[in-house]
**Student:** 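The following block contains the structure, expressed as structure tokens.
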Amino acid sequence: MKKIYSRVELLADETGAVCREAVGRVRVALCYPNSYAVGMANLGFQTIYRLLNERDDVVCERVFLDTGASGRTLESDTPLGEMEIIAFSISFELDYPNVLRMLLAAGITPYAAERYGPTVIAGGATMSYNPEPLAPFLDAVLVGEAEETLGPLIDALIAGESPAGLPGVYVPAAPGSVTRQRVDDLSAYQAYTQVYSSHSEFGNMTLIEIGRGCPYGCRFCVASHCYRPARWRSMESMLPIIQNGLLQRKRVGLIGASVTDHPQIIPLCEEILRLGGEPSPASMRADALTPELLALLARGGTRSITLAPETGREELRRSVGKHMTDESLFAAVLRARAVGINHVKLYFIIGLPGEMEEDVAAIPALALRLAKETGARVSLGCSAFVPKPGTPFARMPMAAEKENRRKLESITRALRGRLDYTHESARWAAWQGVLARGDRSLAPALLDIAAALDTPAAWRTAFRAHGINPAQFSTRDLPAAEALVWDFINTPTNKSSIG
């Protein structure tokens with residue numbers, strides 16, 4: 001069983017936390033509805049914490065699911081009910097019941113219309129493409145990138161004004177259209193590790209986001225469509241942050257949807273090495289892994305690369321917008337082996353639109369062939385396709401749980417233990433699919449789940465009790481003429497900003 005650390009132990013291990021006097025300041029609880037380890041590895045969460053505490057009129061303290069079980073903040077052990085603003089940073093649909101668990105643990109009325117007390121707001125990835133399942137519980141939602149919209153929202157709440165009508169702010173009690181916000185000049189807003197902790201999932205690194213969005217158009221991918229266009233921070237703007245980070249950690253995690261496409265990736269890695277650090281890109285494309293870049297990564301201690309072919313066959317890969325050939329995959333692994341990087345991690349998705357049985361069978365076949373022909377140590381992970389709002393596949397049906405489980409098990413049988421293989425739960429993927437395209441009718445079921453043990457059985461019972469058929473949200477094809485739950489969210493006009 002994973003150890004749960006006390007708030008005293010966590011605070012003693014941290015560097016960079018902000019603990020200051022709350023008198024004369026508006027108190028904000030920044031909540032992450034998952035574990036401390038996961039939340040502290042989230043740069044969005046860390047950035048909001050820093051931005052709020054840069055204000056002289058605010059004191060922001062953190063709460064995590066495993067530290068706020070009693071409904072109190074990490075920094076000062078203050079009850080959530082005594083905070084003026086409770087802000088949730090939400091990255092995953094399956095964390096929705098945890099939002100309600102944290103409110104219930106603090107004795108705070110979940111439904112916004114019935115609540116007297118703290119103002120409850122939310123932001124994060126899932127809130128930026130469909131906040132409706134949680135809408136009845138929230139007073140306001142930040143839709144999109146928060147760097148330029150968080151301040152005006154907090155100003156309005158402090159002044160006692162309605163934030164309705166502010167750019168990027170959705171008020172569920174006064175619904176109307178809202179434009180998803182985007183920061184065009186990322187270099188003006190840095191995102192990096194503010195608080196260091198060995199108990200974070202990436203506690204051995206300084207994390208810095210070097211870009212946002214993705215220059216490619218994979219039809220299933222939120223990053224490719226909800227956060228487009230691809231934007232990059234300039235190397236010059238990031239170097240002071242990296243230099244300070246190297247005082248804390250030697251390894252520098254470079255974060256982004258397609259890190260190896262950064263126009264300055266080579267000189268950036270060279271400079272990190274010159275400063276005594278070790279560059280560690282989070283995501284890579286096979287055709288961007290040049291011998292020069294791989295040599296730099298090997299010098300910095302990189303011993304594995306992560307690549308995402310997504311499918312086992314090129315035909316399906318092309319149809320979903322993933323333009324990676326088997327040839328480029330094999331060539332990248334051989335180039336990595338040439339500089340001493342011998343481990344490759346592959347990620348695949350089953351259940352994509354247009355998938356046939358031969359596509360599923362091709363996943364273990366490709367991984368085994370790659371291991372045999374390159375001599376690399378190959379491991380693979382697999383997840384199920386979930387149609388996400390804002391993507392070209394948003395209307396496509398998700399495969400039934402039973403079908404996804406069968407496919408995942410068939411890969412296990414084909415591998416016969418010859419390669420390391422992990423996969424996400426088909427059952428939990430099915431519930432993720434329900435929430436991704438869900439609406440406000442799910443709210444009562446989510447509240448029931450929050451009051452119960454977090455098991456698939458509890459989810460089934462809650463949905464059945466409220467007469468909700470999960471299939472209407474996940475495994476159903478949404479006709480072109482049907483209005484979408486998230487149609488009120490507008491996408492900003494695309495314009496590139498690199499610098």
**Student:** Short question: side chain of Asp487, backbone of Leu484 - any donor-acceptor pair under 3.5 Å?
**Tutor:** yes
**Student:** Using the six-membered ring of Tyr49, assess whether NZ or CZ of Arg62 lies under 6.0 Å from its centre and within 45 degrees of the ring axis.
**Tutor:** yes
**Student:** Should the pair Trp459 and Trp428 be assigned to parallel (<30°), tilted (30 to 60°) or perpendicular (>60°) ring geometry?
**Tutor:** perpendicular
**Student:** Please name the pair of heavy atoms, one in Val141 and one in Pro131, separated by the smallest distance, quoted to 0.1 Å.
**Tutor:** CG1-CB, 4.1 Å
**Student:** What I'd like to find out is whether the side chain of Leu65 reaches to under 4.5 Å of the side chain of Pro33, using heavy atoms alone.
**Tutor:** no
**Student:** For the side chain of Thr109 and the backbone of Tyr111, is there at least one donor-acceptor N/O pair under 3.5 Å apart?
**Tutor:** no
**Student:** How are the rings of Tyr170 and Phe488 set to each other: parallel, tilted or perpendicular (split at 30° and 60°)?
**Tutor:** parallel
**Student:** Starting from the C-alpha separation in whole Å, work towards a yes-or-no answer on salt bridge (Lys or Arg N to Asp or Glu O under 4.0 Å) for Arg182 and Glu145.
**Tutor:** CA-CA 5 Å; Arg182 178 189 64 218; Glu145 300 168 11; over 6 Å; no
**Student:** So, taking the atom named CG in Leu254 and the one named CE in Met205, what distance separates them when rounded to the nearest 0.5 Å?
**Tutor:** 9.0 Å
**Student:** Fit a plane to each ring of His262 and Trp232, take the angle between them on a 0 to 90° scale, and name the class: parallel (under 30°), tilted (30 to 60°) or perpendicular (over 60°).
**Tutor:** perpendicular
**Student:** Would you please classify the geometry between the Phe385 ring and the Phe393 ring as parallel, tilted or perpendicular, with 30° and 60° separating the classes?
**Tutor:** perpendicular
**Student:** Determine yes or no for a side-chain-to-main-chain donor-acceptor pair under 3.5 angstrom, with Arg317 supplying the side chain and Met324 the backbone.
**Tutor:** yes
**Student:** Run the salt bridge (Lys or Arg N to Asp or Glu O under 4.0 Å) test on Lys407 and Glu355 for me, step by step, so that the C-alpha distance in whole Å, both residues' side-chain angles and the decisive distance to 0.1 Å come before the verdict.
**Tutor:** CA-CA 11 Å; Lys407 292 175 180 178; Glu355 181 185 74; 2.5 Å; yes
**Student:** Can Glu54 and Arg50 be counted as an ion pair, charged N to O under 4.0 angstrom?
**Tutor:** yes
**Student:** Going by atom types alone, do Glu61 and Ser76 pair a side-chain donor with an acceptor below 3.5 Å?
**Tutor:** yes
**Student:** Ignoring hydrogens and angles, state whether a donor on the side chain of Tyr196 or Thr206 is under 3.5 Å from an acceptor on the partner side chain.
**Tutor:** yes
**Student:** Under a 4.0 Å threshold between the charged nitrogen and the carboxylate oxygen, would Arg406 count as salt-bridged to Glu401?
**Tutor:** no
**Student:** Okay, side chain of Arg231, backbone of Tyr227: is any donor-acceptor separation there less than 3.5 Å?
**Tutor:** yes
**Student:** What heavy-atom pair brings Glu201 and Val38 nearest, and what distance separates the two atoms?
**Tutor:** OE2-CG2, 3.5 Å
**Student:** Consider only side-chain N and O atoms of Ser237 and Gln190, and report whether a donor and an acceptor are under 3.5 Å apart.
**Tutor:** yes
**Student:** Between Tyr32 and Ser91, does a side chain to side chain donor-acceptor pair (under 3.5 Å) hold up when you go through it step by step?
**Tutor:** CA-CA 9 Å; Tyr32 196 85; Ser91 302; 3.3 Å; yes
**Student:** Is Arg115 close to Ile108 at the side-chain level, that is, under 4.5 Å between some pair of heavy atoms?
**Tutor:** yes
**Student:** Going by heavy atoms in the side chains, are Asn404 and Met398 under 4.5 Å from each other?
**Tutor:** yes
**Student:** Might you point out which heavy atoms bring Asp448 and Ala462 nearest each other, and give the distance in Å?
**Tutor:** CB-CB, 3.8 Å
**Student:** Using distance alone, with no hydrogens and no angle criterion, decide if Tyr189 and Glu148 have a side-chain donor and acceptor under 3.5 Å apart.
**Tutor:** yes
**Student:** Considering non-hydrogen atoms only, spot the tightest contact between Gln181 and Thr179 and give its length.
**Tutor:** NE2-O, 2.8 Å
**Student:** When rounded to the nearest 0.5 angstrom, what distance separates CG in Asp359 from CD in Glu314?
**Tutor:** 12.0 Å
**Student:** Any side-chain heavy atom of Lys388 sitting closer than 4.5 Å to one from Asn130?
**Tutor:** no
**Student:** Under 30°, 30 to 60°, or over 60°: which ring-plane class applies to Tyr36 and Phe64, parallel, tilted or perpendicular?
**Tutor:** perpendicular
**Student:** Is the shortest side-chain heavy-atom distance between Arg180 and Asn490 below 4.5 Å?
**Tutor:** no
**Student:** With a 3.5 Å distance limit and no angle check, can you tell me whether Lys322 reaches the backbone of Tyr216 through a side-chain donor-acceptor pair?
**Tutor:** no
**Student:** Do Arg437 and Pro387 touch side chain to side chain, with heavy atoms closer than 4.5 Å?
**Tutor:** yes
**Student:** Please find the pair of heavy atoms, one from Phe45 and one from Gly39, that lie closest to each other, and give the distance.
**Tutor:** CD2-O, 3.7 Å
**Student:** Would you say Ser474's side chain and Val434's backbone share a donor-acceptor pair under 3.5 angstrom?
**Tutor:** no
**Student:** Would you say Thr73's side chain and Thr78's backbone share a donor-acceptor pair under 3.5 angstrom?
**Tutor:** yes
**Student:** Between Ala41 and Leu207, which heavy-atom pair has the shortest distance, and what is it?
**Tutor:** O-CD1, 3.7 Å
**Student:** Return yes if a side-chain donor-acceptor contact under 3.5 Å exists between Ser197 and Ser200, otherwise no.
**Tutor:** no
**Student:** I'd like to know if Arg395 and Glu482 make a salt bridge, using a cut-off of under 4.0 Å between side-chain N and carboxylate O.
**Tutor:** no
**Student:** Side-chain contact, heavy-atom cut-off 4.5 Å: Ile449 with Phe463?
**Tutor:** yes
**Student:** Show the numbers, then the answer: is there a side-chain contact (heavy atoms from CB on, under 4.5 Å) between Thr491 and Cys226?
**Tutor:** CA-CA 7 Å; Thr491 300; Cys226 290; over 6 Å; no
**Student:** I'd like to know if Glu84 and Arg25 make a salt bridge, using a cut-off of under 4.0 Å between side-chain N and carboxylate O.
**Tutor:** no
**Student:** Quick check: are there more than 12 heavy atoms from other residues, nucleotides or ligands sitting under 6.0 Å from OH of Tyr347?
**Tutor:** no
**Student:** Does any N or O in the side chain of Arg212 come within less than 3.5 Å of the main-chain N or O of Gly256, such that one atom is a donor and the other an acceptor?
**Tutor:** no
**Student:** Arg27 side chain to Met83 main-chain N or O, any donor-acceptor pair under 3.5 Å?
**Tutor:** no
**Student:** Looking at side-chain heavy atoms only, is the closest gap between Val63 and Phe88 below 4.5 Å?
**Tutor:** no
**Student:** Any side-chain donor-acceptor pair under 3.5 Å between Thr260 and Arg285?
**Tutor:** no
